[in-house]
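Heavy atoms only: backbone and side chains are in, while hydrogens, waters and symmetry mates are out.
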Amino acid sequence: MNSIIRNPLILPVFIPTFLLRLGSGLLVPILPLYAKSFDISYGLVGLVLAAEGIGHLVGDLPAALVLNRIGRKSAMLLGVITVALCGAGLFFAPSIFVVFLLRFVGGIGGALWDISRYAYLADATAVHQRGRALSVFGGISRIGYFLGPVIGGYIASATSVEYPFLVYGGISLLSAVVAAIAIEASRKRVSPPQHGLVRHFANIFRAHGRNLITAGTGQLFAQTIRSGRYIIIPLYGAEVLNLGYEQIGLIMTVSGFIDMMMFYPAGVIMDRFGRKFANVPSFALQAIGMALIPLTESFAPHLNLSFFFLDLITGEFVALLFPASLLGFGNGLSSGAMMTLGADLAPRDALSEFLGLWRLIGDGGRMSGPVCVGYVADFLGLSPAALAIAGIGLSAAGIFLFLVPETLEKQPA
């Protein structure tokens with residue numbers, strides 16, 4: 001782990017990544033409730049939460065070409081500054097349409113940041129260390145997500161639900177300053193494709209279509225359950241259990257802490273035993289955690305462990321904290337897993353473009369999670385929405401188990 005953290009190519013990316021995720025974490029307990037404050041349906045709340053993912057989806061392929069033209073550092077800075085301005089702008093948003101628009105444009109900026117740092121890290125890591133390197137990278141993100149929700153919840157409680165957006169914008173701008181100072185500019189430039197953009201990506205898809213379809217579908221479902229929990233837990237806590245901002249923020253922070261603690265074990269599992277050994281249990285456990293949410297009736301469990309397990313066995317389990325923690329554990333087990341799998345599958349001669357397609361598929365799942373939750377909740381309720389997302393997570397585990405080959409290349413002794 002020390003050799004990975006001390007790698008002069010990797011270390012400068014960690015700090016801006018942590019700051020951005022800390023800022024994003026501030027919004028976890030309050031964004032669904034902020035959107036609901038505009039007196040809109042669950043479906044529109046889901047659409048607002050999905051707006052960032054839609055922006056990512058639209059921006060992924062153009063971002064892959066932009067970073068080839070202007071360099072990875074310039075693409076990172078452009079992306080982060082866009083995220084900062086759009087995040088702070090939410091404080092002043094007069095309508096839900098403006099909220100959606102700012103989230104959408106911020107997602108395009110996020111795509112620029114994600115693709116550029118992803119390509120940077122894929123080049124900077126060897127295959128036999130990639131799982132640990134990218135899981136550490138994922139762990140840095142999770143530390144920010146661990147700290148962010150409880151801070152965001154208390155800021156909203158002490159001021160109003162809009163003020164965390166100003167803090168988010170300031171933190172994102174600080175990450176841009178750090179990136180500008182710490183990351184070296186790449187001298188590598190790639191010429192635009194000679195046969196047109198559509199044909200260029202079509203050729204890449206034709207050459208690597210099987211991996212993009214099978215592993216990509218697994219990633220699509222995986223990102224759906226990952227993003228779905230960020231709308232299910234706050235809305236279920238507030239709308240069904242009548243919890244406050246502080247309690248919801250604390251639940252998300254505990255979940256984030258457990259998630260964070262798993263990042264390095266996840267990398268060791270991926271590099272020592274294989275990528276499947278992290279992916280399959282991860283999404284199976286997340287599916288179980290999501291399925292338990294409709295059984296919850298309060299904030300925290302009984303202090304008496306005998307009642308704690310009796311409630312679980314009898315179907316009268318009362319603590320939202322438990323399924324949220326199980327979701328955090330499951331997600332932590334796949335820390336950096338989707339990035340590692342994509343980097344394993346990516347051809348070296350079309351790295352940025354393949355990763356752009358890979359992120360496009362993943363961001364489809366990131367977008368579909370909140371949308372799925374919102375519209376199922378509108379028609380059937382929050383509990384059926386949680387069960388639907390649980391089924392998608394279980395499908396992800398099955399795809400990674402049966403359809404996706406192991407990509408870890410065993411090193412000679």
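Using modelled atom types, one side-chain atom of Ser282 and one backbone atom of Gly330 make a donor-acceptor pair closer than 3.5 Å. The closest donor-acceptor contact from the side chain of Arg72 to the backbone of Ser116 lies at 3.5 Å or more, if one exists at all. Looking only at distances, a side-chain donor or acceptor of Tyr34 sits under 3.5 Å from a matching main-chain atom of Leu90. Judged by distance alone, with hydrogens and angles left aside, the side-chain atoms of Ser335 form no donor-acceptor pair with the main-chain N or O of Gly332 at under 3.5 Å.
Aromatic ring pairs are classed by plane angle as parallel below 30°, tilted from 30° to 60° and perpendicular above 60°; the pair Phe354 and Trp358 is parallel.
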Requested in this report: For side chain to side chain contact (heavy atoms under 4.5 Å, CB included), just list the numbers for Ile213 and Phe205, CA-CA rounded to whole Å, side-chain angles, deciding distance to a tenth of an Å, and then say yes or no.
Outcome: CA-CA 9 Å; Ile213 290 171; Phe205 187 86; 4.0 Å; yes
Query raised in the report: Can Thr296 and Phe322 be said to form a side chain to side chain contact (heavy atoms under 4.5 Å, CB included), step by step?
Result: CA-CA 9 Å; Thr296 61; Phe322 177 75; over 6 Å; no
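If you take CD1 on Ile143 and CZ on Arg21, they are separated by 12.0 Å, rounding to the nearest 0.5 Å. To the nearest 0.5 Å, atoms CG (Leu345) and CG (Leu212) are separated by 8.0 Å. Atom CG of Leu27 sits about 12.0 Å away from atom CE of Met252, to the nearest 0.5 Å. Between Asp60 atom CG and Leu360 atom CG the span is 5.5 Å, to the nearest 0.5 Å. If you take CD on Glu52 and CG on Leu49, they are separated by 9.0 Å, rounding to the nearest 0.5 Å. Separation of atoms OG (Ser255) and CG (Leu321) is listed at 9.0 Å; rounding is to 0.5 Å.
When side chains are defined from C-beta on, Leu31 does not count as touching Tyr230, because their heavy atoms never get closer than 4.5 Å. Leu20 places none of its side-chain heavy atoms less than 4.5 Å from the side chain of Ile171. Between Leu112 and Thr82, the closest side-chain pair of non-hydrogen atoms is not below 4.5 Å. Phe92 has its side chain within reach of Leu166: a pair of non-hydrogen atoms, C-beta onward, lies under 4.5 Å apart. Between Gln247 and Leu320, the closest side-chain pair of non-hydrogen atoms is not below 4.5 Å. Residues Val404 and Arg275 have side chains not in contact (no heavy-atom distance under 4.5 Å, counting atoms from C-beta outward). Under the 4.5 Å side-chain criterion, counting only non-hydrogen atoms from C-beta, Thr407 is not in contact with Thr340. For the pair Leu47 and Ile40, the minimum side-chain heavy-atom distance is 4.5 Å or more.
Looking at every heavy atom in both residues, Cys372 comes nearest to Ile389 through SG-CD1, 3.9 Å. In this structure, Phe91 and Phe165 approach most closely via the heavy-atom pair N-CB, 3.9 Å. The shortest non-hydrogen separation linking Ile231 to Pro32 is CA-CG, 4.5 Å. Scanning all heavy atoms of the two residues, the minimum distance from Met290 to Leu327 falls at N-CD2, 4.0 Å. Here the shortest heavy-atom pairing between Thr224 and Ser368 reads OG1-OG, 3.0 Å. Considering all non-hydrogen atoms of both residues, Val83 and Gly106 come closest at CG2-O, 3.6 Å.
In this structure, Ser24 has no side-chain hydrogen bond (donor to acceptor under 3.5 Å, both in side chains) partners at least two apart in sequence or on a different chain. Contacts of Asp114 classified as side-chain hydrogen bond (donor to acceptor under 3.5 Å, both in side chains), with partners at least two apart in sequence or in another chain: Arg117, Arg359. Leu401 pairs by the side chain to side chain contact (heavy atoms under 4.5 Å, CB included) definition with Val280, not counting sequence neighbours.
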List, one per line, each side-chain donor-acceptor pair under 3.5 Å for residues 390-400, sequence neighbours excluded.
residue	atom	partner	partner atom	Å
Ser395	OG	Gly391	O	3.0

Side chains of residues 146-161: which donor-acceptor partners sit under 3.5 Å, not counting sequence neighbours?
residue	atom	partner	partner atom	Å
Ser157	OG	Gly153	O	3.0
Ser157	OG	Glu246	OE1	3.4
Thr159	OG1	Ile155	O	2.5
Ser160	OG	Glu162	OE1	2.6

Can you give each donor-acceptor pair under 3.5 Å made by side-chain atoms of residues 235-243, sequence neighbours left out, with the distance rounded to 0.1 Å?
residue	atom	partner	partner atom	Å
Tyr236	OH	Pro294	O	3.4
Glu239	OE1	Tyr42	OH	3.0

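Checking Ile54, Val105, Leu44 one by one against Phe100, the side chain to side chain contact (heavy atoms under 4.5 Å, CB included) holds for a single residue, Ile54. With Arg366 as reference, His56 is the one residue of Gln223, His56, Gln219 to meet the side chain to side chain donor-acceptor pair (under 3.5 Å) rule.
The environment of OH in Tyr375 is crowded: more than 12 heavy-atom neighbours from other residues, nucleotides or ligands sit within 6.0 Å. Other residues, nucleotides and ligands contribute at most 12 non-hydrogen atoms within 6.0 Å of the CZ atom of Phe97.
The aromatic ring centroids of Phe221 and Phe283 lie 6.0 Å or more from each other.
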